[in-house]
Structures are given as C-alpha cells and as structure tokens.
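Following: one structure in structure tokens, then a few remarks.
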Amino acid sequence: MEGILNQQELALLPSGFQVIGDIMIMKLKLPLLKKKEQIGLACLELFPHFKSIFINHGKILGKYREPEKIEFLMGDNNPIVEHIEHGIIYKFDITKIMFSKGNINERKYLSTLVGVKEIIVDMFAGIGYFSLPIAKYSKVEKIYCIELNPVSFKYLCENISINKIKDKIIPINGDCKEEVIKLSNSGVRADRVIMGIFPAPKEYINVALSLVKESGTIYHYEGVIEKENFKELYADFEDIADKNGCQCNLESKRFVKSYGPKLFHVVLDIRVIKNTTDS
Ligand SMILES: C[S@@+](CC[C@H](N)C(=O)[O-])C[C@H]1O[C@@H](n2cnc3c(N)ncnc32)[C@H](O)[C@@H]1O
C-alpha cells in the first residue's frame, strides 16, 4: 500500500477485514474512500485467493436484521457466497443478509446441547444459522424453522438442500408470532425454543411459552446487558413466564460478544415448566 497511501492514510487502514466465503468485506474510514479503487486492487494482488472485495458502509438494521449498505468494490461482482463454517455450507447474498462472525461459537455450541429425538422450534431462523448445525451434528428429531424475510427464507430452503438435511427441518415462511400459535394449536410441543434474534423481543415470549412441554422446555433467549448484570434480562423473561403459569430456572448464561462500551450480547438458557397440566 505504500506507493498508494501516504503515512497518514496508512495509519487509517483497518486492522482487519471480514472473510465470508471467498469475499473480503472491509470497512474504510472516510478519508480513504477517495482511494478505494487503488486499495481494492492492492488487496486483490496481496490476497489473490479472494474472488472479490466489498465495502461495508453501515450497520445491521430493521426487523429483518439486514446490512445497511454493502458496496461492491473490486473483482467479481457477485455477492452470493457459499460460506463454510464448522463443516456447514451457508449460501446467501452478503448485501442482503447478515452473518455475524461474533456468533461463530454459539452457532456450533448450541448443537452440542441438543439431546436425542428433541423437537426444536427456531423462531427467528434466518438462513439457518443455528438450525443447520443442529440438524447436521445432533440427534434431533425435527426442527421447525420460522423465517419472515422471503429472501432469507429462500436461502434457508436452499441451505437445507445443499447440506442434505431435508428430513430434519421443516421450513415455514411467516411471522413467528402467528406461526408458533399455529404449531402450538396443531399439538407441537418443543424440547427447545430458539429465540435467536438480538435482542429477542419481549412481546414474543408469550407465544413462545405456548410451546412448553410439561417436562420442561429450554428457551435460548438473546439480549443485551450492562457489565455482568444478567439478572434484569432473566427477570423480564421470568416475570412473563410467571404471568403465563410457568416456572423458570436459569440453566446457563453465555457471553456472545461485546456490543459497545460496557454492553454485552449474551444468551440465557432458561428451563420453563408448566404449572398446570398441558391441555
Ligand atoms: C439475523 S437472524 C439472527 C441471527 C443469529 N442470531 C446470528 O447472529 O447468527 C434473525 C432473523 O429473524 C427474522 N425475523 C425477524 N422478525 C421475525 C418474525 N417476527 N418472525 C420470523 N422471523 C423473523 C429476520 O428476518 C432474520 O432473518
């Protein structure tokens, strides 16, 4: 980069970049944007195994948790990747769908918690972030994957085929608030409910509780906390469960990633038991 950038500009270069499949995604500070083409070209020369380079200009936004603006910079202008992680192929469009590198451990770890013949409802399934590894690595019986965004849903279905796990997953395109009730009314009871959206919306806990098995269902509940204060997040869930005639027990808590100054993205595993007999 030395022939391209002066000393001040060199100091502004990012310390790293995101790798998704054979695509490099970098963030560039404003003063470097005027030299983005030269930087892109130099990166492709330095790292010839990348097919293309994109610039991430924004955050993850909205109810679909979509990238705000990812711009093509250099190489092959095709944003669709097949990213391999823990032996799972995730196919998706990087300009339309998020893929958080900070959640890498949780994506695999969750599959190790799943017991034999469990029934799972993944309420915010996305492209199969959690469900694909569970289907591939655990002895799960069935996973109901609910996804609202039609673009993510399309890739979820493709990923189920590519990873050859069609017998394990039932994909459902819709709002989980309604779809969970339909599942519940049709008699589905879960061993595990994944509320894998950050932060998981409190107003969805009610419907999620309709899937409780008498013997206890474990809820994967994501949220944001300050310092080590897990209590508040758990108390919110416990309060709603209590109002719905359910008892809670906090089985475990995990740190996922740092979210900001003194803020942390965490996951709670909460076991819920119905007080009354399931009707
Ligand atoms: C981005 S994923 C979460 C990713 C995962 N926690 C991770 O970081 O690996 C959340 C998904 O929930 C979907 N979603 C949002 N609201 C929904 C709803 N009401 N019903 C079903 N899916 C929903 C979004 O479209 C998105 O694909």
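As a basis for the values below, the full set of heavy atoms in this structure was taken, side chains included, without hydrogen atoms, waters or symmetry mates. We count ligands from 1, going down the list as the structure has it; atoms in each ligand are counted the same way.
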Quiz: residues 15-25 side-chain donor-acceptor pairs under 3.5 angstrom, not counting sequence neighbours:
unit_1, atom_1, unit_2, atom_2, d
Gln18, NE2, Phe99, O, 2.9

message = Checking ring-ring contact (aromatic ring centres under 6.0 Å, His included) between Phe237 and each of Phe230, Tyr221, Tyr204, which is the one that passes?
response =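 Among the candidates, only Tyr221 passes.
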
note = In this structure, CD1 of Ile127 is separated from NZ of Lys96 (nearest 0.5 Å) by 13.5 Å

request  = With sequence neighbours excluded, tell me which residues meet salt bridge (Lys or Arg N to Asp or Glu O under 4.0 Å) with Lys182.
outcome  = Glu179

Pair up each side-chain donor or acceptor in residues 52-66 with any protein partner under 3.5 Å, not counting sequence neighbours, and list the distances.
unit_1, atom_1, unit_2, atom_2, d
Ser52, OG, Asp76, O, 3.2
Asn56, OD1, Gly58, N, 3.0
His57, NE2, Glu71, OE1, 2.6

query = Is the closest basic N to carboxylate O distance between Glu85 and Lys101 below 4.0 Å?
reply =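 No, this pair does not count.
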
ask   = Under a strict 4.0 Å criterion on non-hydrogen atoms, which protein residues are in contact with ligand 1?
value = Lys63, Tyr64, Arg65, Met98, Asn103, Arg107, Met123, Phe124, Gly126, Tyr129, Phe130, Glu147, Leu148, Asn149, Ser152, Gly174, Asp175, Cys176, Gly196, Ile197, Tyr204, Glu222

